[in-house]
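For reference, the structure is listed below as structure tokens.
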There are 2 protein chains.
Amino acid sequence: EIADMLAQSSIESLLAGRHIVITAGPTREEIDPVRFISNHSSGKMGYALASASVALGAKVTLISGPVNLPCPAGVDLVNVVSAEQMHRAVMKAVGATQSDTAGDIMQPNCDIFIGCAAVADYKPQQKTEQKIKKSDTELTLTFTRNPDILSDVAHLAQPPFTVGFAAETQDVAHYAQDKLKRKKLDMIAANDVSQAGLGFNSEQNALNVYWNNGGKNLGVADKSQLAISLMTLVAQRHAVK
Amino acid sequence: EIADMLAQSSIESLLAGRHIVITAGPTREEIDPVRFISNHSSGKMGYALASASVALGAKVTLISGPVNLPCPAGVDLVNVVSAEQMHRAVMKAVGATQSDTAGDIMQPNCDIFIGCAAVADYKPQQKTEQKIKKSDTELTLTFTRNPDILSDVAHLAQPPFTVGFAAETQDVAHYAQDKLKRKKLDMIAANDVSQAGLGFNSEQNALNVYWNNGGKNLGVADKSQLAISLMTLVAQRHAVK
């Protein structure tokens with residue numbers, strides 16, 4: 001019983017005093033006032049990470065795209081819709097000012113950043129103010145790249161410990177490790193969204209976590225259990241960084 | 001009190017013995033296993049119409065795109081995702097067989113059809129089996145037209161009393177009346193989704209209803225109240241058709 005209590009007290013202080021910024025959910029990119037492009041992220045994993053971080057003693061800012069989930073207790077929630085809005089909210093939350101992204105002065109305000117949101121890579125080149133009328137048998141839309149939130153955070157002059165997610169349907173390990181290096185991340189958690197019952201919109205997930213010269217398979221578990229395992233791993237890797 | 005009871009009993013039998021098929025919510029058109037195109041329909045108006053129809057004594061089949069709403073009591077719910085799936089489910093529910101759409105034999109199985117779903121006009125020309133990797137600074141997607149569920153129902157050899165919705169951001173009355181004639185509808189309910197607090201994703205709505213040589217403004221009200229007003233109007237117009 002005493003051992004349980006000690007273990008409990010140790011878990012509760014793993015991230016004590018840390019400020020963690022987490023993104024969650026999809027982003028929506030408006031095509032016109034009615035239509036948008038989005039993705040299947042439910043936000044469950046990001047919200048579970050926010051809850052787990054609070055349980056481990058951290059101060060948590062959760063920046064969330066449109067989802068149907070209640071705000072976890074003890075979490076500071078910022079709601080956004082588009083990738084550009086999320087980019088602005090993240091840069092503010094991690095304490096970066098305009099000059100930081102140019103590599104100048106920075107007031108770090110965040111110890112750990114976790115980019116769990118499924119941010120839309122592309123947005124419509126221009127949002128149409130009025131609803132596009134259907135007329136032709138074909139419609140062609142041109143999309144341009146959105147800002148890369150994860151990479152921008154990791155490339156700050158004094159970046160927080162930065163964790164990314166990779167949701168792929170093939171060659172998961174390869175893409176994840178490439179993304180880790182390319183974006184200068186400290187850690188990446190990869191899941192295969194093509195497996196039925198795992199990942200997007202489901203209660204369970206399976207994560208393979210990679211860092212420079214290391215990794216850990218967190219197996220299949222409920223997203224809430226996985227979140228505790230992942231945040232414990234993040235705390236350990238952050239401590240030895 | 002007796003007058004109330006009589007009014008109540010009259011309301012409850014307005015649509016007694018009628019089979020009403022209602023579509024609700026958005027449709028989602030998959031671009032790849034992760035991304036989709038959709039719209040802001042919450043499904044609230046369609047679900048309110050289903051509840052109102054049950055309250056007025058009808059047998060109700062509700063064919064719904066992905067929404068976050070509980071199935072109304074007493075309603076037969078069919079869940080679909082894409083416009084093509086919705087088209088198939090509607091044609092089955094209204095009792096049309098393949099030959100009907102060609103104008104042949106038909107076993108009508110539905111008295112009133114209400115197309116309240118915000119069906120995507122376009123779908124991606126081809127769904128990509130693997131997640132599209134971001135690479136270029138620009139991405140161009142080509143979309144083709146989806147089947148027109150409302151028009152296909154109204155053009156059946158023995159069509160049900162067919163009600164459409166028009167969600168426009170400009171020139172609402174003009175577009176609605178044009179849509180009424182072009183699609184051979186019996187009635188159309190138009191709302192201006194550009195007004196803050198009305199229409200998509202809100203609790204309130206304001207409807208202007210049109211039919212051949214007539215119309216009625218149902219004003220601003222809760223969607224549940226509007227649904228009762230609209231279904232009462234539908235029952236009246238259906239009775240005199």
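Quick note on labels: first sequence line is chain A, next is B, and so on, each numbered from 1. Below, all heavy atoms of this structure are taken into account, side chains as well, without hydrogens, waters or symmetry copies.
Distance CD1/B:I31 to OG/A:S38: 9.5 Å, rounded to 0.5 Å.
The candidate from A:I37, A:T144, A:L141 with the greatest count of non-hydrogen atom pairs under 4.5 Å with chain B is A:L141.
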Donor-acceptor pairs under 3.5 Å, side chain of residues 211-219 of chain B to any protein atom, not counting sequence neighbours: which ones?
unit_1 : atom_1 : unit_2 : atom_2 : d
B:N217 : OD1    : B:G219 : N      : 2.7

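Using a 4.5 Å cut-off between heavy atoms, B:E29 makes no contact with chain A at all. Only the side chain of B:Y122 comes within less than 4.5 Å of a heavy atom of chain A; its backbone N, CA, C and O stay farther away.
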Please evaluate residues A:F36 and B:H40 with respect to the criterion side-chain contact (heavy atoms from CB on, under 4.5 Å), reporting the C-alpha separation (whole Å), side-chain torsions for both, the decisive distance (0.1 Å), and the verdict. CA-CA 8 Å; A:F36 60 81; B:H40 290 294; 3.4 Å; yes
Does B:L139 form a side-chain contact (heavy atoms from CB on, under 4.5 Å) with A:R145? I'd like the steps, not just the answer. CA-CA 8 Å; B:L139 173 71; A:R145 287 284 291 274; over 6 Å; no
